[in-house]
Q: 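Sending over a structure as C-alpha cells; questions will come in a sec.
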Protein chains: 2
Amino acid sequence: MTPQTIRVACSNCNLRELCMPMGLSESDIGRLDDLVATRRKIKRGAALFSNGDRFNALYAIRTGFFKTCVATADGRDQVTGFQMAGEIIGLDGIVADRHSCDAVALEDAEVCVMPYDRIEELSREVPALQSHVHKIMSREIVREHGVMLLLGSMRAEERLAAFLLNLVQRLHARGFSQSELVLRMTREEIGSYLGLKLETVSRTFSKFAEEGIVEVKQRHVRILDTEALRAIVNAPACA
Amino acid sequence: MTPQTIRVACSNCNLRELCMPMGLSESDIGRLDDLVATRRKIKRGAALFSNGDRFNALYAIRTGFFKTCVATADGRDQVTGFQMAGEIIGLDGIVADRHSCDAVALEDAEVCVMPYDRIEELSREVPALQSHVHKIMSREIVREHGVMLLLGSMRAEERLAAFLLNLVQRLHARGFSQSELVLRMTREEIGSYLGLKLETVSRTFSKFAEEGIVEVKQRHVRILDTEALRAIVNAPACA
DNA sequence: CGACGAATTGATCAAATTCAAGCGACGTGG
DNA sequence: CCACGTCGCTTGAATTTGATCAATTCGTCG
C-alpha cells in the first residue's frame with residue numbers, strides 16, 4: 001500500500017466515534033466517507049486558518065493540538081479554546097463566510113478537511129449527520145457558556161483548577177491518563193485563555209504544588225489530588 | 001378579525017428580516033409559516049426555560065427582553081447574554097436535549113415557539129433555512145468569542161463601554177435611537193454579564209457621566225460621545 | 001557550549017471587591 | 001392621595017487580588 005492508495009475514509013478511522021454521528025446504517029456510513037475531501041498537515045506554530053480567511057471547510061483534528069484566538073484592534077489577544085484530536089474547528093466561519101479567529105497548531109498536526117458545502121448537502125440527505133452538526137455547534141455554545149462563567153466569576157485558583165480538570169477529562173476520554181498530562185501550551189497561552197497573566201498562572205501552579213495537589217515540572221503535570229481540585233472549583237468563594 | 005383568527009405567520013411579521021432567511025421564493029416563505037407552532041407570553045421575571053428543562057423548541061423573541069444565565073454548583077451565576085426582539089434563544093438545548101441555562105424575561109415578553117423537530121425537517125427541504133440555522137448558531141459562537149475577549153482582557157471601563165456600544169447598536173438596528181436607551185436590566189445583571197460587581201458598574205457609569213461621555217439617570221442612558229466610548233474600547237490599555 | 005525562549009520567584013502597585021451607609025424611585029395599601 | 005417599605009442605585013473607605021516590573025533559573029535546540 002503506497003501512500004497514494006491510502007483511502008481517506010471515516011469508516012475505518014479510529015476517531016470516528018468522536019467526530020462522526022453514531023448509529024448510522026452501513027450505507028450512510030459509506031456516504032459519510034465522501035465528506036472528507038483531503039487531509040492537511042500543519043506544522044507547529046503554523047495557522048490552519050486566520051482571521052479574515054475565506055471560510056470553506058470545517059476541520060476534524062486527527063492528530064495534534066490547536067489553540068483558537070481572537071484579537072482586539074490594539075493587539076491584545078484572547079485564546080478562546082484549546083482543541084485536540086477528534087474535535088471540530090472552523091465553526092466561527094459559517095456566519096460571515098470568513099473566519100473571525102485564528103487556529104494555530106501547538107504541535108505538528110493533521111486535520112481532515114470537510115468542505116462545508118458538502119456538509120450542508122449531505123446533511124440534508126442524512127438526518128443523523130444533520131443532527132450531529134447541530135449538536136456540535138450547540139456543544140460549542142454550551143462550552144463557551146462555561147468559559148464565560150469561569151472568566152466572569154471565578155478567582156485565579158478556581159480557573160486553573162477548572163482548566164486542569166477539563167483538560168485531563170478530555171484526554172482521559174481519548175485513552176490517556178486521568179492524572180498525568182503534558183501541557184501543549186505556554187503559561188502565557190494558559191493565562192490568555194483563563195484571563196490571567198502568565199506570572200499568575202505560574203504562581204498558582206506553584207501554590208497547588210506546595211499544597212500537594214499537583215506535581216509540576218515545566219509542562220509535565222501530575223495530578224495528585226483530583227478531589228482537591230474539584231473542591232477548589234466548587235468552593236463557595238471562601239477557602 | 002377575532003383573536004382566534006389571527007394567523008401566526010412569519011410571512012407578514014415585521015420582524016421577519018431579523019429572524020428568518022432572506023431571499024426566499026414565495027412558496028418557501030409559505031412553508032416557513034408552518035415553523036411557528038404557537039406564540040407564548042412570558043411575564044416579567046418568569047423563565048421561558050430553565051436549566052434542566054427538556055429541550056424541544058427554539059424561540060424567536062417577538063417583544064420583550066431576556067437574559068440567559070448559567071449557574072455554578074455553589075450558587076454563583078453568570079449572565080451569558082441579553083436578548084431582544086428578533087433574536088433566537090434556546091440553542092444551548094440542542095446538544096443534550098435539555099437546556100443548560102435559564103432564560104428569564106426582563107420585561108413582559110412574547111416569543112414564537114418553533115418546535116425543533118420541525119426546524120430540522122424543514123431545513124432538510126429548504127436549503128436557505130438550513131443555511132440560516134447554521135448561521136444563527138455560528139453567530140452565537142462568534143458573539144461569545146467577543147464576550148470571552150471582553151471578560152478575559154478588558155478593564156472595567158472598556159467592558160462597560162463595549163457593552164453600551166453593543167446594546168445601542170442592536171437597538172438602532174431595530175429602529176431605536178443611536179444615543180438614547182433604557183436599560184432593561186439591573187446593575188447587578190450588567191455586572192454579572194461583564195464580570196464585575198454592581199458597585200463597579202455603578203462607579204463606572206458615574207465616571208463616564210463626570211467625563212461627559214454619557215448622561216445616566218437610573219436606567220435611562222443617553223450617550224453624548226459615542227467616539228469617546230469607541231476610543232475607550234480600543235484603547236491600548238493606558239488612557 | 002552558548003543563546004534564547006519559557007518559567008519561576010520576589011517586591012511593589014493598581015484595580016476591583018468588599019463592607020458599609022445612605023439616598024431615591026416606585027409600588028402598595030391605608 | 002399620601003405614607004411607608006422595599007429594592008435598586010450611589011458613594012465612601014478599607015481590603016484583597018492579581019498585575020506589573022524585575023531579576024534569576026531552567027531547558028532546549030542550534
Q: Shoot me the first and last contacting nucleotide of DNA chain C against chain B, ordered 5' to 3', at under 4.0 angstrom to non-hydrogen atoms.
A: C:dA15 to C:dC19

Q: Would you mind checking if A:Arg203 and A:Glu199 are paired as a salt bridge, meaning a charged N to carboxylate O distance below 4.0 Å?
A: no

Q: Of the residues in residues 183-197 of chain B, which ones touch DNA chain C at a heavy-atom distance under 4.0 Å?
A: B:Gly195, B:Leu196, B:Lys197

Q: Is there a side chain to side chain contact (heavy atoms under 4.5 Å, CB included) between A:His145 and B:Glu144? Walk through the geometry before answering.
A: CA-CA 8 Å; A:His145 283 175; B:Glu144 291 185 5; 3.1 Å; yes

Q: Just call it for B:Thr200: base, sugar-phosphate, or nothing, with non-hydrogen atoms closer than 4.0 Å on any strand.
A: base

Q: Is the distance from the ring center of A:Tyr193 to that of A:Phe82 below 6.0 Å?
A: yes

Q: Which residue, A:Leu198 or B:Ser202, contacts DNA chain D at a nucleotide closer to its 5' end, judged by nearest heavy atom?
A: B:Ser202

Q: Does any donor atom in the side chain of B:Gln178 or B:Thr226 lie under 3.5 Å from an acceptor atom in the other side chain?
A: no

Q: Nearest 0.5 Å please: distance from the CZ atom of A:Arg187 over to the CG atom of A:Leu198.
A: 9.5 Å

Q: Quick one: CD on A:Glu215 to OG on A:Ser179, what's the gap to the nearest 0.5 Å?
A: 10.0 Å

Q: Throw together a table of side-chain donor-acceptor distances under 3.5 angstrom for residues 53-63 of chain A, partners on residues two or more places apart or in other chains.
A:
{"unit_1": "A:Asp53", "atom_1": "OD2", "unit_2": "A:Ser50", "atom_2": "N", "d": "2.8"}
{"unit_1": "A:Arg54", "atom_1": "NH2", "unit_2": "A:Asp97", "atom_2": "OD2", "d": "3.2"}
{"unit_1": "A:Thr63", "atom_1": "OG1", "unit_2": "A:Glu110", "atom_2": "N", "d": "3.3"}

Q: Provide a list of protein-nucleic acid N or O atom pairs under 3.5 angstrom, restricted to nucleotides 12-17 of chain D.
A:
{"unit_1": "D:dG12", "atom_1": "N7", "unit_2": "B:Arg203", "atom_2": "NH1", "d": "2.9"}
{"unit_1": "D:dG12", "atom_1": "O6", "unit_2": "B:Arg203", "atom_2": "NH2", "d": "3.1"}
{"unit_1": "D:dA13", "atom_1": "N6", "unit_2": "B:Arg203", "atom_2": "NH2", "d": "3.4"}
{"unit_1": "D:dT17", "atom_1": "OP1", "unit_2": "A:Arg155", "atom_2": "NH2", "d": "3.4"}

Q: Taking all non-hydrogen atoms of both residues, which atom of B:Thr72 and which atom of A:Met154 are closest, and how far apart?
A: CG2-CE, 4.4 Å

Q: Quick one: does A:Asp102's side chain have a donor or acceptor within less than 3.5 Å of a partner on A:Val104's backbone?
A: no

Q: Below 3.5 Å is the cut-off: list the nitrogen or oxygen pairs between protein and nucleotides 23-30 of chain D, distance only.
A:
none

Q: For residues 42-52 of chain A, pull every pair meeting salt bridge (Lys or Arg N to Asp or Glu O under 4.0 Å), keeping only residues two or more places apart or in separate chains.
A: A:Lys43-A:Asp108

Q: Tell me whether A:Arg76 contacts the main-chain N or O of B:Ser153 through its side chain, where contact means a donor paired with an acceptor under 3.5 Å.
A: yes

Q: Using modelled atom types and a 3.5 Å cut-off, is there a donor and acceptor pairing between side-chain atoms of B:Thr200 and backbone atoms of B:Leu196?
A: no

Q: With respect to A:Glu107, which candidate in A:Lys41, A:Lys67, A:Arg219, A:Arg184 satisfies the salt bridge (charged side-chain N to carboxylate O under 4.0 Å, His left out) definition?
A: A:Arg184

